[in-house]
K.L.:
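Below you will find the structure I want to go over with you.
Every heavy atom of this structure was used, including side-chain atoms; hydrogens, water molecules and symmetry mates were not. Given the structure is predicted, the values throughout are model-derived calculations rather than measurements.
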Amino acid sequence: MTHPADPRPAGPADLRPVPVPAGPGAPRPAGLTATVVRLKLSLLRNGLRQSDGRRAAFVVSAVAALLFAALQLLGLIALRGHAHAASLVGLLTAVLALGWAVMPLFFPSGDETLDPTRLVMLPLRPRPLVRALLAASLVGVGPLVTLMLLAGSAVCVAHGTAAGVVAALAVALALLVCVALARAVAIANIRLLTSRRGRDLAVLSGLVIAIGAQVVNFGAQRLGVSGLAPLDPVYAVVRWVPPASAVGAVDSVSRGAYGTAAAQLALTVGALVLLVAAWARSLTRLMTAPDGSTLQRTESEGRERGTSWGPARLLPAGRTGTVMERSLRYIWRDPKTKAAWVTSLAIGLIVPVFNALQGTGSIYFACFAAGMLGIQMYNQFGQDTSAFWMVALTISTPRDAYAELRARALALLLITLPYATLVTVLTTAVLGDWRRLPEVLGLSLALLGAMLATGAWTSARFPYSIPQEGYKNVAPGQSGLALISILGGMVAAALLCAPVLALAIWLNVSAGGDAWTWLLLPVGAGYGTALTALGLRLAAPRTAARLPEILAAVSKG
């Protein structure tokens, strides 16, 4: 560089970096891998410094996870010598790999180093960065829990010195495959994970976990009755699928099948190489290709985005069709509304059908589907949040309020009626009790009508705000309103269904009444329709009179 008093302009030679002499005492620059690992540790440490609550939650969750892994490790070791132990640990390894593959999609904010777009402006080459990020991925509670489970699986099937040596190699390869799989999936979907749709996917993570827990519970109950023998056909396939093939290699060595073990280890190594190569290729493309958000939209794309929604053409004209379309768009696009609907749809199907499959359910559990979807009628205006002011501008009379509420109820019925019918038919088919199908369907329709009626009234009487950010469904200070709205409305709906329920009980206990239970279908449908109409009529004047209070309540979040 030139001297400040030198009037000559600086040339290219003056801008070259000045070499720093490297003496014996000069500090050596840290490698990229060590730097990224320290970055991961710093992110974990700084995250825990944010609040005592976050620190306590991390400690409790980490201790619980490690305790669970330790118990599983002891349990797997105790299975040594069991005739079907290899089938169990092979399937366990495959489930671990599946978990590593899908968790980055649902929890993208759990690890800041999962987002390499933060590093695109740095002069880093993809391949050294891949090695550094792979090493950083091995830091944390998750990799430690996975290592303990993989170690227990390998010890469970390792018999002999050769199998022990192969077990050490297999555990390392399986762990690297799991981590590389998570990274490859994350980098391939990083644009999705950092977009609105990615946040929608993260909101739905609890649903997937709940469904997965039900499936695991169902499978565990089946295995508790029939033992581990049913896993053998599955293991015959899974032992050739990485990273379960690594654990399968340990089992093959224990049985003396060295050629099979070599092939299984080769499959695991090949999968690791392919995953790292795909990861590096995606990383290179991400760090060199322009982001689609910076490209100008073409005129044809603009016209395509401006086209009307296809199903909207089937809706009625006027205000009814407009409100129905708006409600259906909220269900499809709004993350919180979508999460609530998908959760209700899934749980409404899981509870009756899974209980029927296990032989412990009742056909009356099918009413659970109508009840779960009927909850969506509660707090109708809170789902609009601060945008409700635009709706409020169109409501000036009770007639306008009635048209608004009726259209929202019709949009809900558009999904609920076929869904409740489908769940009832499926539950009946599993249990084989077709004689009670009209009865249960009639009870479901009566319950749905009662919940629509009470939901319309509580939406006007006890509205509350739903925060758009985070995982909370109620704004601070409004938990009491939400409790009264939902629980109070459900109790009222149950009381309103009492006449139809009493008729069903009387027909089932009276002599010859079984022949007339089919009457509950038209009675329940008519009763539910009457309750819905009455509830909308009673809620409309209150909605029109309380518009300022409703707007203030739903805009609080």
K.L.:
On a heavy-atom basis, which atom in Q376 and which in M372 lie closest, and how many Å separate them?
P.N.:
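Scanning both residues, the minimum pair turns out to be NE2-O, 3.9 Å.
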K.L.:
Can you find a heavy atom in the side chain of R239 that is under 4.5 Å from one in the side chain of S252?
P.N.:
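Yes, side chains in contact.
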K.L.:
Could you tell me the separation between the CG atom of L96 and the CG atom of L181, rounded to the nearest 0.5 Å?
P.N.:
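The distance works out to 11.5 Å.
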K.L.:
I want to check something: taking the side chain as every heavy atom from C-beta on, are I347 and F368 in contact at a cut-off of under 4.5 Å?
P.N.:
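A side-chain contact under 4.5 Å exists here.
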K.L.:
Name all residues meeting the side-chain contact (heavy atoms from CB on, under 4.5 Å) criterion together with S87; count only those two or more places apart in sequence or in a different chain, and write none if there are none.
P.N.:
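Counting only residues at least two positions away or on another chain, S87 forms a side-chain contact (heavy atoms from CB on, under 4.5 Å) with L231, D232, Y235.
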K.L.:
Looking at side-chain heavy atoms only, is the closest gap between L71 and F68 below 4.5 Å?
P.N.:
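No, every pair of side-chain atoms sits at 4.5 Å or beyond.
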K.L.:
What I'd like to find out is whether the side chain of V59 reaches to under 4.5 Å of the side chain of V63, using heavy atoms alone.
P.N.:
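Yes; the side chains approach each other to less than 4.5 Å.
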K.L.:
Does CE in M148 sit with more than 12 non-hydrogen atoms of other residues, nucleotides or ligands closer than 6.0 Å?
P.N.:
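Counting neighbours around CE of M148, more than 12 heavy atoms of other residues, nucleotides or ligands fall under 6.0 Å, so yes.
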K.L.:
Which is it for T260 and W240 under the side chain to side chain contact (heavy atoms under 4.5 Å, CB included) test, yes or no, and what are the steps along the way?
P.N.:
CA-CA 10 Å; T260 302; W240 293 102; 3.7 Å; yes
K.L.:
Any side-chain heavy atom of L76 within less than 4.5 Å of one from L92?
P.N.:
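In contact.
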K.L.:
To the nearest 0.5 Å, what is the distance between OG on S344 and CD1 on I375?
P.N.:
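The OG atom of S344 sits 6.0 Å away from the CD1 atom of I375.
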K.L.:
Is the shortest heavy-atom distance from the side chain of W341 to the side chain of I415 under 4.5 Å?
P.N.:
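Answer yes - side chains close enough.
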K.L.:
Quick one: does L134's side chain get under 4.5 Å of W279's, heavy atoms only?
P.N.:
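Contact flag for L134/W279 side chains = yes.
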K.L.:
Between A163 and V250, which heavy-atom pair has the shortest distance, and what is it?
P.N.:
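Minimum heavy-atom separation between A163 and V250: O-CG1, 3.9 Å.
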K.L.:
Side-chain contact, heavy-atom cut-off 4.5 Å: S137 with P143?
P.N.:
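S137 vs P143: side chains apart.
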